[in-house]
Amino acid sequence: MPELPEVEVIARALRQGGRGASAIRGARVRAARVLWPRTVAEPTPAAFQSLWPGRTIVDVGRRGKFLRLYLDDGWHALVHLRMSGDLVVQPTGIALPRHARLYLDLDDGRRLVFNDPRKFGRWWLTRDPAAVLGHLGPEPLDPAFTPAVLAQRLRGRRARIKALLLDQRVLAGVGNIYADEALHRAGLHPLRRAASLTAAEITALWRALRAVLQEGIARNGTSIDWMYQGGAYQQHLRVYGRHGQVCYTCGERIQRLRVAQRSTHFCPRCQPRPAE
DNA sequence: CCTGAAACCTGTCTGC
DNA sequence: TGCAGACAGGTTTCAG
């Protein structure tokens, strides 16, 4: 479900409210309850529950696809939504969502619920967030992320460009949807070897990545099924999920293939296949 | 270093 | 209608 834009929209809603989601910044946690033990990656579920009471959520941020809760005393909660995770703020009194895996009860009577049908999502509660986030590549929307940085990350890599865009060590936050959209916008075939890209092509890819991610955020993400009323980007996808349909740019039929075990959508005319 | 397969899970949709 | 199979926005681990 969530890639960088979706996680960013959730982080903003939790930080400052809006779109019906109430902010949790500044809230104090009364208790934590783990309903599916494997949801907690660190520490043990029992320790997780006993460490929460009394802690304040000082701020909310994002790093790659990780949601980051800054707590007092140097503690951090890191949340990865993986495929189907979702965060909901609701009154303590009402019924939990169907796939609630963990929740935090706040002093003010609200409850932050982690709902996750497929159970892939993970939480960490730690004083050493770098141990979890340290391997991540640069933030694509950070001013420090320039075409030169992207070129350096791809230098000497013979893997297919699509696979590298999905590799969080190369670049943090891009997932299957935005990778396909960016490659189409840049006119690059997903099977191109990274090392074969020219400087101009890397710059085009850099521009395309930033554009699709920013547009995703501006439209509140691609998904439609969580707390904030988002998801408008879904109507703006140019290749993802459109195989068999007509390319808006050139009229050719969008095709689909498998790259790095992921469905990959592209336009055979806009994104010419490498000679190789 | 690179690729592919499998595993972790549940829900939904498609085709027969 | 029923049921098998494919597929899903992610990541880790392992084999070759």
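Below, read A as the first sequence line, B as the second, and so on, with proteins coming before strands; counting in each chain starts at 1.
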(Q) Do A/L165 and A/L183 have side chains that approach each other closer than 4.5 Å (heavy atoms only, starting at C-beta)? (A) yes
Q) With centres under 5.5 Å and planes under 30°, do A/F120 and B/dC9 count as stacked? A) no
Q. Can you find a side-chain donor-acceptor pair between A/T264 and A/R256 that sits under 3.5 Å?
A. no
What protein N or O atoms touch nucleotides 10-12 of chain B N or O atoms at under 3.5 angstrom, if any, and at what distances?
unit_1 : atom_1 : unit_2 : atom_2 : d
B/dT10 : OP1    : A/K119 : NZ     : 2.9
B/dT10 : O4'    : A/P117 : O      : 3.3
B/dG11 : OP1    : A/R98  : NH2    : 3.4
B/dG11 : OP1    : A/H99  : NE2    : 3.2

**Q.** A/S263 side-chain N/O to C/dC7 phosphate OP1/OP2 under 4.0 Å
**A.** no
Q.
Once side chain to side chain contact (heavy atoms under 4.5 Å, CB included) is applied, do any residues pair with A/A100, and if so which ones, sequence neighbours excluded?
A. A/L35, A/L96, A/P97, A/V113, A/N115
**Q.** Nucleotide B/dC2, atom C1' - distance to NZ of A/K162 in whole Å
**A.** 17 Å
Interface polar pairs with nucleotides 3-5 of chain B, N/O, under 3.5 angstrom:
unit_1 : atom_1 : unit_2 : atom_2 : d
B/dT3  : OP1    : A/R193 : NH1    : 3.0
B/dA5  : N7     : A/Q261 : NE2    : 3.1

Q) What are the two closest non-hydrogen atoms of A/A182 and A/A208, and how far apart are they? A) O-CB, 3.4 Å
Q) Reading nucleotides 11-16 of chain C 5' to 3', which nucleotides get B (base under 4.0 Å from a protein heavy atom), which S (sugar-phosphate only), which -? A) B-----
Q. What pairs meet the ring-ring contact (aromatic ring centres under 6.0 Å, His included) rule with one or both residues in residues 255-276 of chain A, with sequence neighbours excluded?
A. A/H189-A/F266, A/Y240-A/H265, A/H243-A/H265
Q | Between C1' of B/dC2 and CZ of A/R169, the distance in whole Å | A | 11 Å
Q. Where does DNA chain C pair, written as one dot-bracket string 5' to 3', with Watson-Crick or G-U pairs under 3.5 Å, ( ) inside the strand, [ ] for crossing pairs and | for another strand?
A. .|||||||.|||||||
Q | A/K65 side chain to A/V174 backbone, donor-acceptor under 3.5 Å | A | yes
Q) Under the side chain to side chain contact (heavy atoms under 4.5 Å, CB included) test, which residues partner A/E201, sequence neighbours left out? A) A/L188, A/R192, A/L197, A/T198
**Q.** Set of side chain to side chain contact (heavy atoms under 4.5 Å, CB included) partners for A/R68, sequence neighbours left out
**A.** A/Y70, A/H76, A/L78, A/P129, A/L133
(Q) What's the gap between B/dA6 and C/dA6 when it is taken at their P atoms, as a whole Å value? (A) 13 Å
Q.
Per the ring-ring contact (aromatic ring centres under 6.0 Å, His included) rule, what does the pair list look like for residues 78-106 of chain A, sequence neighbours excluded?
A. A/F66-A/H80
Q) Side chains of A/E6 and A/Y233: do they bring a donor and an acceptor to under 3.5 Å? A) no
**Q.** Length of the line joining A/E6:CD and C/dA8:P, which is rounded to integer Å
**A.** 16 Å
Q. When rounded to the nearest 0.5 angstrom, what is the spacing between CZ in A/R122 and CG in A/L81?
A. 12.0 Å
Q | Partner residues of A/R127 under the side chain to side chain contact (heavy atoms under 4.5 Å, CB included) criterion, sequence neighbours left out | A | A/W75
Q | Whole angstrom value for the distance that separates P of C/dG10 from CG of A/N176 | A | 6 Å
Q. Excluding sequence neighbours, so at least two apart, what forms salt bridge (charged side-chain N to carboxylate O under 4.0 Å, His left out) with A/R258?
A. none
Q. Using a side-chain heavy atom cutoff under 4.5 Å and only I, L, V, M, F, W and Y, what cluster partners does A/I254 have?
A. A/V239
Q: Nearest whole angstrom, please: distance from the P of C/dC7 to the CD1 of A/I177.
A: 17 Å
Q) So, is A/Y240 close to the C/dG9 phosphate, meaning a side-chain N or O under 4.0 Å from OP1 or OP2? A) yes
